[in-house]
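Here the structure comes first, spelled out in C-alpha cells, and everything after it is commentary.
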Amino acid sequence: MARIDIRGVEHTYDLSDPVPDSSALVFVHGWLLSRQYWQPLVTRLSQNHQCLCYDLRGFGESQPNSDRPLPDRDRYTPAAYAKDLEILLDRLDLSNVWIVGHSLGGTVALWMAYQFPQRVRGVICLNSGGGIYLKEEFERFRTAGVQIVRWRPIWLAQFPFIDWLFARAAVAKPLDRTWGRQRVLDFVCAHPEAARGALLDSTTEDEVHRLPKIVSQLRQPVYFIAGAKDRIMEPKYVRHLASFHHLFDCCGHNTIEVENCGHLSMVEQPDVVASRLRAIVNQHEIIDNLPG
C-alpha cells in the first residue's frame, strides 16, 4: 500500500512489480466499494502484468483530512474521476495501459479512454453498461441512493449478522462472509459528499445520454463483461452500451456473459474473469506485435 496526493486528497493505491514487454492493468472500483475487491484478480494476473488498483477519491482509504474538505464539491462526475486517474498514472509514469472498471468504475474507464487516449491501450468494463435514460426509474434510483447515503451509521458495521446480509446482496450466490464484512466497511466509511456526488453526477439525463456517444468515438478496443444474473446492471443494458463500439459488429463480439454471476463478477467468478481479461489483453498484444 502506498499513498499519493491528487488534487488535495491523499489517494491510497497498490502497485505490483513491473513485467517486461507486457501491458499494465489498472483497476477502477465501483460506487461504495474500494480497491480491495480487485485482489482476487491481481493475485491471478500480476505474474504476467503489472497491476495497479486504487481507491477513488472519497472511497476506501482515499479519504480527505478531517480539517480539509474534498475539493470542488461539484466535481464527482466520471470525467472528474478520470482526471484524478490521469494524474495518478502520470505520477507513476504509466502509459499505454488497459483500464478495467467495475460498474461506475467502468464509466470512469470509458471517460479516461476518451479524455486521455494517449495513455489508454484498451478498456474492459465489468458489470457496466447503460446509455438508456428511463426517467421514472432513474428518479427512484437516485432518491433511494441519496437515502442510503444519508443513513449509514458507523455502528452498522457492528450490527449482528450484517456481514451475512451484505455477503448476499447483488450476487448470484452468497460470498464468503469476509467479503460481506469488507462491503459493510466500505459502505459506512465512504465520504458522504463523495458518495452522494458520485451517485448524482453519474446518473443525470445528460450524463447517461453522453456515454454511448463516448463509446462510439473510442478507437481503442473496448470489451464488456456482464453477469448473467446481474439485477443491478442487466446484460441487456451492457450489450446496449457495447453496441455503440466498432468491435460489437453485428453479433456482440466485444461482450462476454458470465454464467452464475451477479453484480460482483471479480469476486464471484475470479477465475473466469481473470481468464477472459488475460485472453483479451494477450490477443491485442499479439496483434500489436505483428509485422507491418
Side-chain angles (χ1 to χ4, degrees), residues 4-9 11 13 15 23-31 33 35 38 50-59 62 70-131 133 194 197-225 238 240-248 254 280-281 284 288:
I4 190 169
D5 183 279
I6 299 176
R7 299 204 286 182
V9 174
H11 281 61
Y13 68 92
L15 181 63
S23 300
L25 307 179
V26 179
F27 298 93
V28 188
H29 67 78
W31 187 59
L33 299 178
R35 73 188 193 284
W38 297 116
Q50 186 174 31
C51 295
L52 169 66
C53 49
Y54 71 106
D55 289 329
L56 291 168
R57 173 166 38 98
F59 298 91
S62 295
L70 284 168
D72 302 323
R73 68 170 56 228
D74 61 334
R75 292 181 60 83
Y76 299 109
T77 62
Y81 276 112
K83 177 59 179 176
D84 291 348
L85 176 54
E86 195 275 335
I87 295 171
L88 177 60
L89 295 183
D90 184 64
R91 300 274 181 84
L92 299 177
D93 194 26
L94 293 174
S95 60
N96 202 36
V97 302
W98 282 80
I99 312 290
V100 183
H102 170 256
S103 196
L104 172 63
T107 303
V108 174
L110 294 170
W111 270 98
M112 179 70 191
Y114 176 69
Q115 291 182 298
F116 309 103
Q118 72 281 4
R119 286 199 176 275
V120 181
R121 174 66 187 88
V123 173
I124 304 173
C125 294
L126 308 184
N127 306 100
S128 183
Y133 187 82
L199 169 71
L200 296 181
D201 286 357
S202 65
T203 56
T204 65
E205 184 173 359
D206 285 345
E207 192 70 36
V208 172
H209 285 158
R210 189 178 294 120
L211 199 53
K213 298 176 183 177
I214 288 174
V215 172
S216 70
Q217 296 179 56
L218 296 180
R219 295 300 93 197
Q220 307 99 319
V222 180
Y223 290 84
F224 294 80
I225 298 179
V238 175
H240 174 77
L241 186 58
S243 71
F244 289 89
H245 191 263
H246 63 87
L247 286 181
F248 186 85
N254 63 339
I280 290 169
V281 175
H284 285 278
D288 290 345

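These values consider heavy atoms only, across backbone and side chains, with no hydrogens, waters or symmetry-generated copies.
Between the Ser62 side chain and the Gly58 main chain, no donor and acceptor come within less than 3.5 Å of each other.
In this pair, Tyr133 and His209 present their aromatic rings perpendicular. The plane angle is above 60°, beyond the 30 to 60° band. Between Trp98 and Tyr223, the angle of the ring planes lies from 30° to 60°, which puts this pair in the tilted group.
Scanning both residues, Ala194 and Phe59, for their nearest heavy atoms gives O-CZ, 3.8 Å. Looking at every heavy atom in both residues, Arg75 comes nearest to Arg7 through NH2-NH1, 3.1 Å. For the residue pair Leu200 and Thr204, the shortest heavy atom distance occurs at O-CG2, 3.3 Å. Here the closest heavy-atom approach between residue Lys213 and residue Ser216 is recorded as O-OG, 2.7 Å.
Atom-to-atom distance recorded for Asp5:CG and Leu88:CG is 11.5 Å, nearest 0.5 angstrom. One distance of note links NZ of Lys83 with CG of Leu85; it measures 10.5 Å at 0.5 Å rounding. Taking OH of Tyr76 as the start and CG of Asp84 as the end, the distance is 10.5 Å to the nearest 0.5 Å. Separating the OG1 atom in Thr107 from the NE2 atom in His102 is a distance of 11.0 Å, to the nearest 0.5 Å. For the atom pair Ile6 CD1 and Leu56 CG, the distance stands at 10.0 Å (nearest 0.5 Å). In this structure, the separation between NE2 on His11 and CG on Asp55 is 8.5 Å, given to the nearest 0.5 Å.
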Which pairs would a plain distance check flag for residues 108-130, meaning a side-chain donor or acceptor within less than 3.5 Å of a matching protein atom at least two apart in sequence or in another chain?
unit_1 : atom_1 : unit_2 : atom_2 : d
Trp111 : NE1    : Glu207 : OE2    : 3.0
Arg119 : NE     : Glu86  : OE2    : 3.2
Arg119 : NH1    : Leu94  : O      : 2.6
Arg119 : NH2    : Asp90  : OD1    : 2.7
Arg121 : NE     : Asp288 : OD2    : 2.7
Arg121 : NH2    : Asp288 : OD1    : 2.7
Arg121 : NH2    : Asp288 : OD2    : 2.8
Asn127 : OD1    : Ser265 : N      : 3.4
Asn127 : OD1    : Ser265 : OG     : 2.7
Asn127 : ND2    : Asp230 : OD2    : 3.1
Asn127 : ND2    : Gly262 : O      : 3.0
Ser128 : OG     : Ser103 : O      : 2.9

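Here the side chains of Cys51 and Trp38 are not in contact, with every heavy-atom distance at 4.5 Å or above. With a 4.5 Å cut-off on side-chain heavy atoms, Trp31 and Leu33 do not count as touching. Residues Leu211 and Leu241 have side chains in contact (heavy-atom distance under 4.5 Å, counting atoms from C-beta outward). Side-chain contact between Leu15 and Tyr54 is absent, with no heavy-atom pair separated by less than 4.5 Å. At a threshold of 4.5 Å between non-hydrogen side-chain atoms, the residues Leu92 and Leu52 count as touching. Looking at heavy atoms from C-beta onward, Gln50 lies out of side-chain contact with Leu25 at the 4.5 angstrom threshold.
Proximity of the aromatic rings of His240 and Phe248 is defined here by a centroid distance below 6.0 angstrom, and this criterion is not met.
Geometric assessment of Arg57 against the ring of Tyr81 yields a positive cation-pi assignment under the 6.0 Å and 45° thresholds.
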